[in-house]
Number of protein chains: 2
Amino acid sequence: MSLTPPVVLDAAITLLDEVGLDGFSTRKLATRLGVRVGALYWHYPSKQALLDAVADHIVGEANAAAVPDDAWPEQAASMIHALRGAMLAHADGARLVATSHTPGPSSRAWIDRLRGLLAEAGMDGFTAENAADVLTCYLNGYAVEEQAHTTHARAETDRRFGFGLDVVLAGLRSLPATSGGAR
Amino acid sequence: MSLTPPVVLDAAITLLDEVGLDGFSTRKLATRLGVRVGALYWHYPSKQALLDAVADHIVGEANAAAVPDDAWPEQAASMIHALRGAMLAHADGARLVATSHTPGPSSRAWIDRLRGLLAEAGMDGFTAENAADVLTCYLNGYAVEEQAHTTHARAETDRRFGFGLDVVLAGLRSLPATSGGAR
DNA sequence: ACCTGAACACCGTTCAAGT
DNA sequence: ACCTGAACACCGTTCAAGT
């Protein structure tokens, strides 16, 4: 049973969920895989590259969710909620995704999809890019703090997140290009 | 010349700015202070506590800026810009502040001031708290990513940040309690 | 009270050598 | 091609003992 990048990635996700980002080490991962530390470096060039792959996998889980056939604010909200859900489903997932060094294919696909949806709504390329940026920055900022201090109950943080998302969406709706509310 | 918490904190800030958060270690800090590693633990209980103190100091720099006597969106914008400036003025300042474990006195003062300003504008306590949350989450999300991938020029990221901040403020302005535009 | 000396239990990464 | 063995250069934290 040979080691492959997907096998290493899978074990990395499991380890992350068990010990968190601060407890995650290549040596623990090697032990889990029944292999010496150095072996990992044949499949991934560095710990950071491996963590980037984990981050991209998490975003990939969000990509699996379908976007409803609805108006653009609802579509955008569903994409944002899907990514938040995927991040919260893994220990320190938000911090991992938000501080990922180089975006992988799933991350690019997710952001392209969000931008595309906003462009469909009538925003020009520049505006769509900036609007997608505002949404993801709010999401990242919120989720990182939410996951760092798990002081409130999930239902409570969900409501607060929804409030903020509605605020951002209201702001986007007020932009000249989308005030018509096309599609 | 004895070691005191402020002296340690000062050296920590200097070290952080020189080597960044990933390069920051208690051992390097001890060397700079001409002391053995263990000595630091007399003044700070852990590396994290020290980093939290650094984070709080950065927020303190933002608190030094005066808030203009203007309408609330301008006041909020000035506070947000001040904190972003303070974070960007230090290596990995955004990540450090956003992932700080326990908020210090300056952090509490900053958020209280922002909430107060929004309450003055006519928001009830709950709304003001949530509104301050949206603003800081957007700020943290944006600044963390901005500082992680310094791909664009500062003038460009400033403009993009301003765009997003205007969107959030527009969303907040559209809330029932503030649509009158009091103060 | 404050610091040293020295240890403990770890890290990420590299690379010759094996198979 | 893929992994071992073993090293290199580090970590954060603790704590008896010194002053």
Side-chain angles (χ1 to χ4, degrees), chain A residues 1-57 90-92 95-102 104 148, chain B residues 1-57 90-92 95-102 104 148:
Chain A
M1 200 217 69
S2 67
L3 222 53
T4 60
V7 169
V8 175
L9 179 58
D10 249 50
I13 293 169
T14 305
L15 178 61
L16 174 74
D17 284 341
E18 287 181 24
V19 301
L21 192 51
D22 293 332
F24 185 96
S25 76
T26 56
R27 300 181 102 104
K28 281 181 195 162
L29 180 58
T31 303
R32 302 257 175 145
L33 289 164
V35 101
R36 304 281 163 160
V37 217
L40 298 177
Y41 288 80
W42 182 262
H43 303 281
Y44 286 93
S46 67
K47 180 187 181 182
Q48 187 58 54
L50 178 52
L51 288 178
D52 282 358
V54 173
D56 202 56
H57 178 93
H90 296 279
D92 296 316
R95 202 169 100 212
L96 187 64
V97 169
T99 64
S100 152
H101 281 201
T102 51
Chain B
M1 201 218 67
S2 65
L3 221 52
T4 61
V7 169
V8 175
L9 179 59
D10 250 49
I13 294 169
T14 306
L15 178 61
L16 174 73
D17 285 341
E18 287 180 24
V19 303
L21 191 52
D22 292 332
F24 185 96
S25 77
T26 56
R27 300 181 101 104
K28 281 182 195 161
L29 181 58
T31 303
R32 302 257 175 146
L33 288 165
V35 99
R36 304 281 164 161
V37 218
L40 299 176
Y41 288 79
W42 182 262
H43 303 280
Y44 286 93
S46 67
K47 180 187 180 182
Q48 187 57 54
L50 179 52
L51 289 178
D52 281 358
V54 173
D56 202 57
H57 177 94
H90 296 279
D92 297 315
R95 201 170 100 211
L96 187 63
V97 170
T99 65
S100 153
H101 282 199
T102 52

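To find a chain, count down the sequence lines: A is the first, B the second, and so on, and within it residues start at 1.
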Report summary line: Rounding to 0.5 Å, atoms OG (A:Ser25) and CG (A:Leu29) come to a distance of 8.0 Å

Query raised in the report: If pairing requires Watson-Crick or G-U wobble contacts with both distances under 3.5 Å, which nucleotide is the partner of C:dT13?
Result: D:dA7

Query raised in the report: Hey, what do you get for CD1 (A:Ile13) to CG (A:Leu50), rounding to the nearest 0.5 Å?
Result: 9.0 Å

Query raised in the report: Does C:dT19 have a Watson-Crick or wobble mate here (both distances under 3.5 Å), and if so which one?
Result: D:dA1

Requested in this report: Find the distance between OG1 (A:Thr26) and CG (A:Leu40) and round it off to the nearest 0.5 Å.
Outcome: 6.5 Å

Query raised in the report: Is a salt bridge present between A:Arg95 and A:Asp22, judged by a nitrogen-to-oxygen distance below 4.0 Å?
Result: yes

**Report entry** Contacting residues from residues 10-32 of chain A, given that a heavy atom lies under 4.0 angstrom of DNA chain D
**Finding:** A:Arg27

Query raised in the report: By a strict heavy-atom criterion of less than 4.0 Å, which residues belonging to residues 36-52 of chain B are in contact with DNA chain D?
Result: B:Val37, B:Gly38, B:Tyr41, B:Ser46, B:Lys47

Query raised in the report: Going by atom types alone, do A:His90 and A:Asp17 pair a side-chain donor with an acceptor below 3.5 Å?
Result: yes

Query raised in the report: Can a salt bridge be assigned to the pair A:Glu18 and A:Arg32 using a cut-off of 4.0 Å between side-chain N and carboxylate O?
Result: yes

**Report entry** Distance in Å, B:Leu51 CG paired with B:Leu16 CG, rounded so as to fall on 0.5 Å steps
**Finding:** 7.5 Å

Query raised in the report: Given the P atoms of C:dA9 and D:dA9, what is the spacing between them in whole Å?
Result: 23 Å

Requested in this report: Rounded to the nearest 0.5 Å, what's the gap from CZ on A:Phe24 to CG on A:Leu96? Could you check?
Outcome: 9.0 Å

